[in-house]
Amino acid sequence: MKIQMPATSIHRYSTPSAARISLALMLAVLLVFPDGVALAQTACNTSNWEPTSVSLQNPIETFAAAVATVNSTNYLYVIGGMDCNTSSGSYSCSSTPTVFQTQVGRAVLGSNGSVGSFTWQNLWNLPDGSTVGLGRDLCGVIYTSPTTGKNYIYTVGGLAYDSGAVPPSTALTNQVWYAQLYPTTGQNNGELLTWHQAYNLPTNLDLEGVAILNGYLYVIGGSTNVDPTVAAGITDEVWSAELNPSSGNLMGTAFTSQPAILPPPTGATYTGGIYKTCPVVDTATNTIYVAGGETNNGTSDHLTGTVEYAVQGSGGSLTNGMCNAQWGTATSLPNGLTLASQAVVYNTGIILMGGQDAVSGTQDTDNVYLGTIDSDTVIGWGSLSSLDTVITGNIERNAGATNGTFIYSLGGEVSHNGNSSDSTAIYCLKL
């Protein structure tokens, strides 16, 4: 936080002046808010969606967000993203959008749900020295080491943009990167330290699901293609890697294959699988849930309301909870839903915000669904306050994050009367 000192000189024997009072107030702010949090922040006090007092630095979609607690302070992180608003004011988001975001943002979350001002840091550097731009990496994941208490943030696959190439280029990546969150109180608390590269995924992926459960990183589904053949590349593959509690790096030398998710029927010529949805984890039952998304049904990417689950066993293995090496099926969503931002709350519920809803003919929606987990296979689906209280139109490709008390919807593509544009807005709801 930079402070501009008053230009008026202050004599130590003079009576209190406006300049001296101003300086005292600014010093008090530094003592109370060492991370540079502004006083005038919007609290999140109701069970209806409210706009926060801060915005993203650029309109973005198809990106990741996560919440981490570092030295008792909650931080909201925003990772990468794509801005598909064109210079002419129209909207176009193919494999080469207008702008790829090259930074990670960090903001303090107040005890009242408020969001502080963002501090921005670069993603990793490419071999040509340019900073990577990253999109279509949907799921923000944080690992807290059970032995050291240190926190690590990850990026997994995605669509990478190289501004230093001639000409600039985009390509799917199989790279996995991680960075520790600075573990010291004060102004730098929670900032990203040096990025490190782990070993690669077995294949290039975007729009995949990523989750961390009990020290294992899971990569679920995704697509091995980009537009216009992205649907043909949907995969049912699931991979895992154990995380090193001392360094945050991946242990071993390669990812381990896990049971496929939504595999196609025997003899089918299509791929099945899942993409455009983020998993959630229930740490009370060591279960991963994948709700909604899209699957390849032989003709196109098809919205699904299926909810798949897998229970973690020894060595990070996944089963349906009955010792069978396969995913189980839980209570379906009320409607097929894809590209909705997701979060898990108190380890007992799944929240999906916005997205494309099958009831509306694969059009964007402003609905917010809450699934209460009663058992591995039984989920009671209901609704929370709709985003239409803060958005004129509907939303998809937004990012979601929660600290368990408040939930946030960030950015995304907002559509209204046939027009679409990416957003900088951040909305908050108290649970």
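Residue numbers run from 1 in the order of the sequence given.
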Answer yes or no: is there a donor N or O on one side and an acceptor on the other, between the side chain of [X] and the main chain of [Y], under 3.5 Å?
X	Y	answer
Thr271	Ile234	yes
Thr283	Asn286	no
Thr69	Ser72	no
Thr319	Gln326	no
Asn189	Val70	yes
Thr304	Gly292	no
Asn244	Gly248	no

Decide side-chain hydrogen bond (donor to acceptor under 3.5 Å, both in side chains) for Asn151 and Gln180; before the verdict, give the C-alpha distance in whole Å, the side-chain angles of both, and the deciding distance to 0.1 Å. CA-CA 6 Å; Asn151 296 280; Gln180 184 186 342; over 6 Å; no
When you compare the side chain of [Y] with that of [X], does any pair of heavy atoms fall below 4.5 Å?
X	Y	value
Tyr427	Ile391	yes
Ile426	Pro51	no
Leu243	Asn249	no
Trp124	Thr155	yes
Phe63	Ile79	no
Trp327	Ile288	yes
Leu207	Val230	yes
Ile407	Met353	yes

Can a donor-acceptor pair be found between the side chains of [X] and [Y] at a distance below 3.5 Å?
X	Y	value
Glu294	Thr338	yes
Asn112	Ser114	yes
Asp162	Ser130	yes
Asn394	Ser415	no
Asn48	Thr389	no
Gln258	Glu237	no

What heavy-atom pair brings [X] and [Y] nearest, and what distance separates the two atoms?
X	Y	answer
Ser55	Phe118	O-CD1, 4.0 Å
Pro279	Val210	CD-N, 3.4 Å
Thr102	Thr131	O-CG2, 3.6 Å
Ala65	Ala399	CB-CB, 3.9 Å
Ile350	Tyr289	CD1-CB, 3.9 Å
Asp83	Gln101	CB-NE2, 4.3 Å

Show your working on ring pair (Phe, Tyr, Trp, His ring centres under 6.0 Å) between Trp195 and Trp177 and close with a plain yes or no. CA-CA 7 Å; Trp195 283 101; Trp177 290 78; 7.1 Å; no
Go through Val115 and Tyr408 one step at a time and tell me if the side-chain contact (heavy atoms from CB on, under 4.5 Å) criterion holds. CA-CA 10 Å; Val115 181; Tyr408 302 88; 3.6 Å; yes
Going by the angle between their ring planes, with limits at 30° and 60°, are Phe100 and Tyr161 parallel, tilted or perpendicular? parallel
Determine the interplanar angle of the Tyr369 and Trp381 rings, folded into 0 to 90°, and report it as parallel if under 30°, tilted if 30 to 60°, perpendicular if over 60°. perpendicular
Looking at [atom1] of [X] and [atom2] of [Y], how far apart are the two atoms once the value is rounded to the nearest 0.5 Å?
X	Y	atom1	atom2	result
Cys44	Glu50	SG	CD	5.0 Å
Gln175	Leu134	CD	CG	10.0 Å
Glu413	Glu61	CD	CD	5.5 Å
Thr203	Leu201	OG1	CG	8.0 Å
Asp357	Thr365	CG	OG1	4.5 Å
Ser385	Asp366	OG	CG	9.5 Å

For the OH atom on Tyr182, are there more than 12 heavy atoms of other groups (residues, nucleotides or ligands in this structure) within a distance under 6.0 Å?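 Not buried by this count: 12 neighbours or fewer within 6.0 Å.
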Would you sort out whether Tyr152 and Leu193 count as a side-chain contact (heavy atoms from CB on, under 4.5 Å), showing the intermediate values? CA-CA 9 Å; Tyr152 301 87; Leu193 299 180; over 6 Å; no
Starting from the C-alpha separation in whole Å, work towards a yes-or-no answer on side-chain contact (heavy atoms from CB on, under 4.5 Å) for Met82 and Val99. CA-CA 6 Å; Met82 304 190 302; Val99 177; over 6 Å; no
If you apply the rule side-chain hydrogen bond (donor to acceptor under 3.5 Å, both in side chains), what do you find for Asn71 with Thr73, and how did you get there? CA-CA 6 Å; Asn71 290 316; Thr73 300; over 6 Å; no
Show, in sequence, the C-alpha distance, side-chain angles and deciding distance for Ile220 and Val290, and conclude whether the side-chain contact (heavy atoms from CB on, under 4.5 Å) test is met. CA-CA 9 Å; Ile220 301 168; Val290 179; 4.2 Å; yes
Step-by-step side-chain hydrogen bond (donor to acceptor under 3.5 Å, both in side chains) determination, Asp422 to Asn85: CA-CA 6 Å; Asp422 287 337; Asn85 297 324; 4.9 Å; no
Going through the distances and angles, do Gln312 and Tyr218 end up as a side-chain hydrogen bond (donor to acceptor under 3.5 Å, both in side chains)? CA-CA 11 Å; Gln312 184 187 61; Tyr218 295 90; 2.8 Å; yes
Name the residue from Thr224, Leu205, Asn204, Val219 that meets the side-chain contact (heavy atoms from CB on, under 4.5 Å) definition with Asn174. Asn204
What about Tyr199 and Phe255, are their ring centers closer than 6.0 Å?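 Aromatic pair counts; centres sit under 6.0 Å.
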Using a strict threshold of under 4.0 Å (side-chain N to carboxylate O), is an ion pair present between Arg136 and Asp227? yes
Partners meeting side chain to side chain donor-acceptor pair (under 3.5 Å) with Asn417 (sequence neighbours left out):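 In terms of side chain to side chain donor-acceptor pair (under 3.5 Å), with neighbours along the sequence ignored, Asn417 is linked to no residue.
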